[in-house]
Structures are given as structure tokens and as C-alpha cells.
Amino acid sequence: MSRLIESPAWQALKAHQKVIEPLHMRQMFRDDPARFDKFSVQLNGLLFDYSKNRINAETVKLLLALASQAGLPGWIERLFSGDKVNSTERRAALHTALRTPQGIPVLVDGKDVMPDVHRVLGLMRSFSDAVRNGTHRGHTGKQITDIVNIGIGGSDLGPLMACEALKPYGSPNLRAHFVSNIDSTQLTETLKKLDAESTLFIVSSKSFTTQETLTNARSARVWLVERLGDEQAVARHFAAISTNLDATAKFGIDPRNVFEFWDWVGGRYSLWSAIGLPIALYIGMDNFEELLGGAHAMDEHFRNAPLEQNIPALMGLLGIWYGNFFGAGSHALFPYDQYLHRFPAYLQQLDMESNGKRVDRDGTPVDYDTGMVIWGELGTNGQHAFFQLIHQGTRMIPADFIAPLHSHNPLGEHHSLLLANCFAQTEALMLGKTVEEARVELEAQGLRGEALEALLQHKVFPGNKPTNTLLFDRLDPHTLGMLIALYEHKVFVQSVLWNINPFDQWGVELGKQLAGKILPELRDGSLASRHDASTRGLIQHYHERCR
Ligand SMILES: O=P(O)(O)OC[C@H]1O[C@H](O)[C@H](O)[C@@H](O)[C@@H]1O
């Protein structure tokens, strides 16, 4: 058994789970009218209600004991102060520095990185202003109307999610497009709508070696040069964002249009860096700085609030409570805000690429579950699709409900209906419906005897399903910054408790290596004997049908 499982704090939680297991939240709310006040936190207009969880004061105490046993406060300090918390890559993970205001030094290997951070923010401001006010024009003198971000993973999901989330702040004169997939359909369908003379491509890649991104960028370049009939056009229509400035130069991007970031920024934590340029272009640099400000406010909270009032810490601990002590395998997110439609996809990468690990920091296989499957969908849509399984299925699926109090698009009763649904779902998941209640309901519908009994069990909801609710005033750049940083820190908290490194992602390598070996076989019709029978069969099928 690992030290973690054997530890007193873990064992105490295991014993405590047996006490909590038979209790129903319905009863807990009845017994304690102050439950909402006890189990909710407010921070700058953000309300975190975690009272609809299978916890009592003792649970929180024991979870906090687990956090202090893991040395969470010390790890938080190490994260913020530029320690090499990414041990396998010997790097700091300083996304928090990217949103730190000027004048506060942050040291990496003894060097203050803040002057560089603010220098690049300044470049982003000049460039985004120039594109937005028409100073930077296309090769033929036309104003830029469309920006196409070419990137994948962390170089796509964050900017895409944020541009969608902040549409009300977007320039009416600019459209933002995102091409990530190697599937040529995405690029082709995007380019169909565009005029080369007024299109700006931003090639985003931390490494600038990613096959998908470079392939799409090359094809986009061919498209542009074909249409404008001049290689020189590339200079005004291509910008790049990378840590690898040699590679951007080799690719032929004008160094004046290259925006740098650093290896201490993880891909999935990079939207605060120059990777956020499409966001800055679309919503303007002042709004981008509001986004940074919101994230910084959450950083301050995470770094300074006592753990029992610390929203990311509490969210992380609750995830561990269900994942490790109740056997929950997935965690769902339900934003009740259309603009957040890519938020679950963004958080999938953030959480699953970070905490999908099988060995601890020392390389020893863990004997406890780590990252959960993260998934989600907009409310109310999900209610009419898969909520059935959460309400009446056999699995426990803890969920976060996320909603603004005000809509950017008020229309009749729409927003009250949206919020009524959001609140009602968490209430229904918690309360459930007992046999007695179901019986009364069926009787009221005129059912009796066998007909009633045949339906009765189908109408029962067990309830006791845990949810968190996050409410905020309106989805503005500051709030979005807070929300994203909240989830970043939640993921970090869990990694500390599990003693894993959340900042590497070696698991994505193997498939890439094997694709590199298979590609020549698809090209030349050969077939290497080392493949298993299934892979051989698939390649052979391709050869028979496509060559
Ligand atoms: O930004 P890039 O270097 O092009 O990387 C893009 C993405 O691909 C990799 O395979 C990783 O899984 C991601 O963490 C990364 O964000």
C-alpha cells in the first residue's frame, strides 16, 4: 500500500465515508437550516455553493487534514514562486506570472521574468490595436476582417473558448476562426468563407513542431499566395506565437509578427500568454487585460485565503472525496450560459491532460485513482439528453452548475427560465423523489392498484446526488478570468493531493510516434510486419480501397 493510502488522514476519511454513505442530503438540509451559509463562499461577486454535497463539518475537517498532510500550502507557494514544480521537464509552471501586475518580481532561475511578460503584452497591444484600427492592413491595403488561429490543444482550446465566451465584447468588424484538426475539412470549410486580402492567419504552437499545426499553416500559406499571387503577401497575413523562435523564422514568418512565450508556460495554461493574441485581437487589449485581472484576483484568493474558505482547494478536495472514497469515475460541468459552450471542452484538456497520470512524482505506480473523466454540455440542453442517467442511473456523477445572474441578451422570461432550470436540477438531484411521494403523485393522476404498482419504482428518484453551483453577475472578461483560474488551481490542488506532476503530458507521445511510422506505409503501399493483426488489417484495407 502507498504511503498516501496508509496515511492517517486517508484512513480517517475512509472510515468517515462509511458514516456519510447512508446519510441523505435531504435529511442533512432538514437537520441544519444554516447548511447553505456554512458551505458556501463568496468572492468578488462569485458565489460558490457547495452545500449540496455529501458532506458535513467533519468531512470538511478531514479533507483539510488530508490537504495539510500533503503540504498543500507549501506547494501553492512553490507554484507561485517559480519553483520547478514540473519535475519531469525540470520547469516552473508560472501561468500565474502571466497575469501578475507590473512591479511584482517573479524569479525563474534567479531571473525576474516580469519585464519580458509585460514587454510581450505591450507588443500584443500594439499589434492588436493596429489590426483593429486598420493601421496593419493586408498586402493589397484592405482592412483585416477575419483572423484564423491555426493551433491545436492548448494553442486552440483556450483562445477558442474565450473568444466564444466573450462574444459580446468582440469587435463587430472582426471574425475569429479556429482551425485545429489535421482533417482538411476544417481548413477547407473555414477558407471557403474568407477573402485572402482581408484575412490574417495566426500560427500558434508552443513547440512549433506540431504536425497538425504546421500542415494546416503550410496549406493556408499556399491558399494565400495562390490568391494574392505574391510570396511577399505572407509578411502581412501571417503572425506566429511560439517559444521556438528559430522555427518561426524558418517557417518564414516576419519576425515583427512573432510573439514569444516561454517554456515555463504549459500549453494548456497558455491562454494568458501571447497564445491569447486572437482573444486580444477580437475583444481588444483592454478587455484582455481585464481577463488577466480576473485570473489574478483568483490567484490572490488561492494563495492567501485559508483553505477552509479557499474555493479552488474546496473544489479539488470535493473531487477527491467522490473520486477516491465513493468511486465516482467522472465529473460533469453544466454551464447555463450559451457563450460558455466550449468551456467543458477546454476544461477537459486542462484537467484530463494534467491529472491523467498513473505514477506519482517519484515514478511509483499509484494504487489510488487519479484524474476523473471530465465532460459536460450546456444547460438546459443536457437536461433533455443525458440527465436521465445522472438522476436515475446507477453511477454517481458529481457535477458543477455554472450560471450568470444576468444575460447579455435579455429577452422576455428566457433568463429566469434558464436559472429556474439550473436551480431546479441541483434541487432535484439532491432531493430525489421517494416512493411515498411517487405514490401520492400517481394517485393524484388517478392510478390505483396494479397499474400504480407497475409504475411506482420507475418514478422513484434516489436523489443524494452531489453538485456545486457557481453563480456570478454576468459573463464579462474579469469573471471569465476568475473562472478559468479557479479550475486551473482546482486541478493543481488535486495533483498535490495525489502526489502527481500535473504539468507534463507524456501520454500523448506514443500515438504520435506510431502515426509517424504508419504515414510512410500509407504513402508507399508498404506494410511493416511488426504491426499487430488489427493494425495490419486496417492498413491493408486502406491499401485495397484507396490506392
Ligand atoms: O502548442 P503546441 O506545441 O503546438 O502543442 C499543442 C498541443 O499538442 C500536444 O500534443 C499536447 O498534448 C498539448 O498539451 C499541446 O497543447
Side-chain angles (χ1 to χ4, degrees), residues 85-89 91-95 98 120 148-163 178-183 186-187 201-221 238-251 253 258-279 342-343 345-358 370-371 373-374 484 487-488 491-492 495 500-519:
V85 289
N86 178 357
S87 48
T88 54
E89 296 178 306
R91 288 175 188 165
L94 266 181
H95 37 288
L98 299 169
V120 174
V148 181
N149 188 77
I150 299 181
I152 196 164
S155 301
D156 167 67
L157 287 163
L160 167 56
M161 177 275 289
C163 284
F178 292 83
V179 173
S180 51
N181 203 341
I182 193 77
D183 182 342
Q186 195 182 19
L187 182 65
F201 292 96
I202 301 174
V203 188
S204 289
S205 174
K206 180 177 170 182
S207 58
F208 227 77
T209 57
T210 304
Q211 190 187 53
E212 289 89 336
T213 301
L214 294 189
T215 307
N216 278 323
R218 275 188 217 105
S219 300
R221 187 193 164 115
F238 270 79
I241 302 156
S242 188
T243 58
N244 185 350
L245 303 191
D246 289 343
T248 59
K250 249 185 225 148
F251 191 86
I253 311 246
V258 174
F259 300 83
E260 166 194 17
F261 67 114
W262 308 275
D263 69 359
W264 43 262
V265 182
R268 52 194 171 276
Y269 300 86
S270 64
L271 76 86
W272 322 101
S273 72
I275 291 288
L277 184 65
I279 311 171
R342 294 300 287 165
F343 200 55
Y346 168 77
L347 290 179
Q348 257 172 354
Q349 185 198 15
L350 175 65
D351 197 316
M352 293 169 77
E353 202 170 62
S354 296
N355 282 341
K357 304 293 160 63
R358 55 172 284 279
T370 59
V373 174
I374 304 293
I484 303 169
Y487 278 94
E488 285 178 348
V491 167
F492 179 68
S495 76
I500 56 177
N501 177 7
F503 298 116
D504 64 10
Q505 61 284 321
W506 305 104
V508 297
E509 293 301 318
L510 179 60
K512 282 188 198 171
Q513 285 163 9
L514 296 187
K517 288 184 181 157
I518 291 175
L519 179 63

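Order of listing sets the numbers, starting from 1, for every ligand and every atom in it.
For ligand 1, the atoms lying closer than 4.0 Å to a non-hydrogen atom of Gln349 are 13 (C), 14 (O), 16 (O). Listed by number with element, the atoms of ligand 1 under 4.0 angstrom from any heavy atom of Val508 are 10 (O), 12 (O). The atoms of ligand 1 that sit less than 4.0 Å from any heavy atom of Ser205 are 1 (O), 2 (P), 3 (O), 4 (O).
For the residue pair Arg268/Ser354, the side-chain donor-acceptor check at 3.5 Å is satisfied. Using a 3.5 Å distance cut-off with no hydrogens or angles, the side chains of Asn86 and Glu89 do pair a donor with an acceptor. Residues Asn355 and Ser495 have side chains that never bring a donor and an acceptor to within less than 3.5 angstrom of each other.
Applying the side chain to side chain donor-acceptor pair (under 3.5 Å) rule to Arg221 yields the partners Glu231; only residues at least two apart in sequence or on another chain are considered. For Asp263, the side chain to side chain contact (heavy atoms under 4.5 Å, CB included) test picks out Arg91, with sequence neighbours left out.
In terms of protein heavy-atom proximity, atom 15 (C) of ligand 1 is nearest to Gly154 N, 4.0 Å. The protein heavy atom nearest to atom 6 (C) of ligand 1 is Ile152 O, 3.2 Å. Looking at atom 3 (O) of ligand 1, its nearest protein heavy atom turns out to be Ser207 OG, 2.6 Å. Remark: minimum distance from atom 9 (C) of ligand 1 to any protein heavy atom is reached at Lys512 NZ, 3.7 Å.
Considering both main-chain and side-chain atoms, Ser155 comes within under 3.5 Å of ligand 1 through a nitrogen or oxygen pair.
Not a single heavy atom of Glu212 sits closer than 4.0 Å to an atom of ligand 1.
Comparing Glu509, Arg268, Glu353 by heavy-atom distance to atom 12 (O) of ligand 1, the nearest is Glu353. Among Ile275, Thr210, Leu214, the residue whose heavy atom lies closest to atom 5 (O) of ligand 1 is Thr210.
Tyr487 and Tyr346 have their aromatic ring centers separated by at least 6.0 angstrom.
Not one N or O on the side chain of Lys512 forms a donor-acceptor pair closer than 3.5 Å with the backbone of Thr210.
Below 30°, between 30° and 60°, or above 60°: for His95 and Phe503 the angle between ring planes is between 30° and 60°, a tilted geometry.
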